[in-house]
A.B. asks: 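Submitted below is the structure of interest, expressed as structure tokens.
These numbers come from a predicted model, not from an experiment. Values below: all heavy atoms of this structure, side chains included; hydrogens, waters and symmetry mates excluded.
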Number of protein chains: 2
Amino acid sequence: MALTARDRLIDAAFELFDERGYDQTTVDEIAARAGAGRTTFFRLFRAKEDVIFPPHEALLEAAAARLSTATAETAGVALTEATAIVLEYYLTEGRRARIRYRLTNAVPALRDREVASMRQYQRLFREFALRWLPDTPAARLHAELLGNAAVTAHNHVLRRWLRGETEAVRAEFADAMAEVLRLHAAGLGPAPAPSTPSPDAASVLVLRTRKDLDRLLPQLERLLE
Amino acid sequence: MALTARDRLIDAAFELFDERGYDQTTVDEIAARAGAGRTTFFRLFRAKEDVIFPPHEALLEAAAARLSTATAETAGVALTEATAIVLEYYLTEGRRARIRYRLTNAVPALRDREVASMRQYQRLFREFALRWLPDTPAARLHAELLGNAAVTAHNHVLRRWLRGETEAVRAEFADAMAEVLRLHAAGLGPAPAPSTPSPDAASVLVLRTRKDLDRLLPQLERLLE
DNA sequence: TACAGTAACGGTACTCAGTTCCACCGCGAA
DNA sequence: TTCGCGGTGGAACTGAGTACCGTTACTGTA
């Protein structure tokens, strides 16, 4: 099966933006290289900028679906994993994520769009946090802070990876989210301090191979003594 | 002294946007009502959107100036007051702040611009927080979280005021910033919360006791094989 | 096979934001 | 007066985004 027009347009856009830069590329040129018409481009993408951004609608839906299964006890894990869905998408993008990162740093319009799209996730997470909180002004502030903190942790770790500062993205993200949840522990759900970690907590470990475990075990035993 | 062309353009823009809406108003119409030319508009404002937004450059400078006087002991107060400078500007705007709030809620392009401009403050506050923190990955995350939290607290309270949900903006903002600083106390300045464990690997693995490790180890080994 | 309905496609022309170039005006200095 | 010179506005241009419309390709139906 041949690539869809949508895929061809995305390919063409990344190629051209990478070669000449964003402002130096017109929508006509993208459409031409993709063998499509201008009209088709704007039917498939609301604006020129949209062609290089992740499918945030789909990611938002996936994240919302993950959140919908949470209980008060697993809220922290759910938030972590919902955020991880977005992170995983970026990780699968490889080369494109790097091109986009360079472009968003260079072109103000793209950076603005990127920043603005984060707002959607913040809202989703805020509404999620509000489920477990009383309807008070203080709680609404807490919910907003937590939602923004989750997105901040995500972006922070993602940017480190995009800059080549780390390979252990998933581990760092788990660390960052754990820290976020610890900071906001007072405001969300039952405090994680008590000695019964939920069974889902294992998913936060981000150990991928047996070697990871061997490496971490000595540290763990020392810390837990 | 007559109003400057800049002031007349701002007045005209608020009037027209308020009367007809943002998309239904062209730059030519704004310039015409202000008795100026199109060229003058674009010399004074980089884009159509900019004409209704606060002078963020000046506010950023003022905030930075306030921050520059801080010591490690007064960092929290400095951050609060620097953020308050921005809040105070909005409070002096009165009617215009309300018009802008309605417009930014209705017009995606304006909301995006508004969100993007917040990023400047986040960066300023992050750099400020980094002054008092060691140069470690964990500290950089803390700095970013704190910077974003300060902006979040500001926006949260400001929006409540814009929606008419409160008159006690300054008091609520002080409360919110106090809460933010309390949450991030572990990461900034002298910690008022004594017994908080430092963020280590231990906080990620929700293991709290040696017994937890013994219990989970068999499962882990099985999973990782 | 022919035909009708429908959905996607692509071309054309339009509006308007933003840029560039240039001519003009007022004003102070030599 | 004449020479700059900063501020101004007009005119033309590029390109994003929209509206309209004719054409093509793919369905199901007779």
Side-chain angles (χ1 to χ4, degrees), chain A residues 1-53 55-57 100 103-104 106-117, chain B residues 1-53 56-57 100 103-104 106-114 116-117:
Chain A
M1 159 77 192
L3 290 162
T4 66
R6 182 185 176 84
D7 289 330
R8 292 201 313 275
L9 285 166
I10 294 175
D11 284 338
F14 269 98
E15 287 172 19
L16 286 167
F17 292 166
D18 195 27
E19 292 170 13
R20 317 184 190 169
Y22 180 79
D23 288 329
Q24 286 68 45
T25 305
T26 69
V27 172
D28 286 273
E29 291 168 337
I30 298 170
R33 179 171 297 203
R38 210 179 122 73
T39 314
T40 303
F41 182 96
F42 281 110
R43 202 194 332 272
L44 295 171
F45 305 98
R46 223 169 295 169
K48 180 184 174 188
E49 307 158 359
D50 292 354
V51 73
I52 57 162
F53 282 105
H56 285 302
E57 298 81 9
R100 186 192 304 117
L103 289 169
T104 51
V107 184
L110 296 178
R111 182 176 32 227
D112 288 4
R113 172 62 63 105
E114 171 110 276
V115 172
S117 65
Chain B
M1 156 83 191
L3 289 164
T4 66
R6 182 185 176 85
D7 289 329
R8 293 201 314 273
L9 284 166
I10 294 176
D11 284 337
F14 268 98
E15 287 172 19
L16 285 166
F17 292 166
D18 194 28
E19 291 170 14
R20 316 185 190 170
Y22 180 79
D23 288 329
Q24 286 69 45
T25 304
T26 70
V27 173
D28 286 274
E29 291 167 338
I30 299 171
R33 178 171 297 202
R38 211 178 123 71
T39 314
T40 303
F41 182 96
F42 281 110
R43 186 167 333 107
L44 295 171
F45 305 97
R46 223 169 294 169
K48 180 184 173 187
E49 306 158 358
D50 293 353
V51 73
I52 58 161
F53 282 105
H56 284 301
E57 299 80 9
R100 187 193 304 117
L103 289 170
T104 51
V107 184
L110 295 178
R111 182 174 34 225
D112 288 4
R113 172 62 63 106
E114 171 110 276
S117 65

A.B. asks: Test of understanding: with side chain to side chain contact (heavy atoms under 4.5 Å, CB included), list the residues that count as partners of A:Val115, not counting sequence neighbours.
C.D. replies: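 Side chain to side chain contact (heavy atoms under 4.5 Å, CB included) list for A:Val115, sorted by chain: A:Arg111, B:Val115, B:Arg119.
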A.B. asks: Just wondering, do A:Phe17 and A:Val51 contact through their side chains at under 4.5 Å, heavy atoms?
C.D. replies: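 The answer is yes, as the side chains (C-beta and beyond) meet within the 4.5 Å cut-off.
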A.B. asks: Please tell me if B:Arg43 has a side-chain N or O lying less than 4.0 Å from either OP1 or OP2 of D:dG7.
C.D. replies: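 No, outside the criterion.
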A.B. asks: Determine the minimum heavy-atom distance between B:Ala31 and B:Arg38, stating which atoms define it.
C.D. replies: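 Scanning both residues, the minimum pair turns out to be CB-N, 4.0 Å.
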A.B. asks: For A:Ala31, which contact category applies under a 4.0 Å heavy-atom criterion: base, sugar-phosphate, or nothing?
C.D. replies: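 Nothing, no nucleic acid heavy atom in range.
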A.B. asks: Could you run down the sub-3.5 Å N/O contacts of the protein with nucleotides 16-21 of chain C?
C.D. replies:
unit_1	atom_1	unit_2	atom_2	d
C:dA17	OP1	B:Lys48	NZ	3.2
C:dA17	OP2	B:Val27	N	3.4
C:dG18	OP2	B:Lys48	N	2.6
C:dG18	N7	B:Arg38	NH2	2.1
C:dG18	O6	B:Arg38	NH2	3.0

A.B. asks: Quick one: which residue pairs count as a salt bridge (Lys or Arg N to Asp or Glu O under 4.0 Å) with a foot in residues 13-23 of chain A, not counting sequence neighbours?
C.D. replies: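 Those involving residues 13-23 of chain A are A:Glu15-A:Arg33, A:Asp18-A:Arg95, A:Asp18-A:Arg102, A:Glu19-A:Arg33, A:Arg20-A:Glu29.
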A.B. asks: Over all heavy atoms of both residues, which pair between B:Phe53 and B:Leu110 is shortest? Give the atoms and the distance, please.
C.D. replies: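 Shortest heavy-atom contact: CZ-O, 3.5 Å.
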A.B. asks: Grab the CD-P distance between A:Gln24 and D:dG15 for me, whole Å please.
C.D. replies: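 In whole Å, D:dG15 P lies 10 Å from A:Gln24 CD.
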A.B. asks: Sequence neighbours left out, what passes side chain to side chain contact (heavy atoms under 4.5 Å, CB included) with A:Ala116? Give chain and number order.
C.D. replies: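 Once residues adjacent in sequence are excluded, the partners of A:Ala116 under the side chain to side chain contact (heavy atoms under 4.5 Å, CB included) criterion are B:Asp112.
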A.B. asks: How would you list, by chain and number, every residue that makes a side chain to side chain contact (heavy atoms under 4.5 Å, CB included) with A:Arg6, sequence neighbours excluded?
C.D. replies: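 Partners of A:Arg6 by the side chain to side chain contact (heavy atoms under 4.5 Å, CB included) criterion, ordered by chain and then number, come out as A:Thr4, A:Ile10, A:Leu44, A:Phe45.
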A.B. asks: Under 4.0 Å, heavy atom to any atom of DNA chain D: which of residues 11-21 of chain A qualify?
C.D. replies: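 Residues of residues 11-21 of chain A that come under 4.0 Å of DNA chain D do not exist, since none gets that close.
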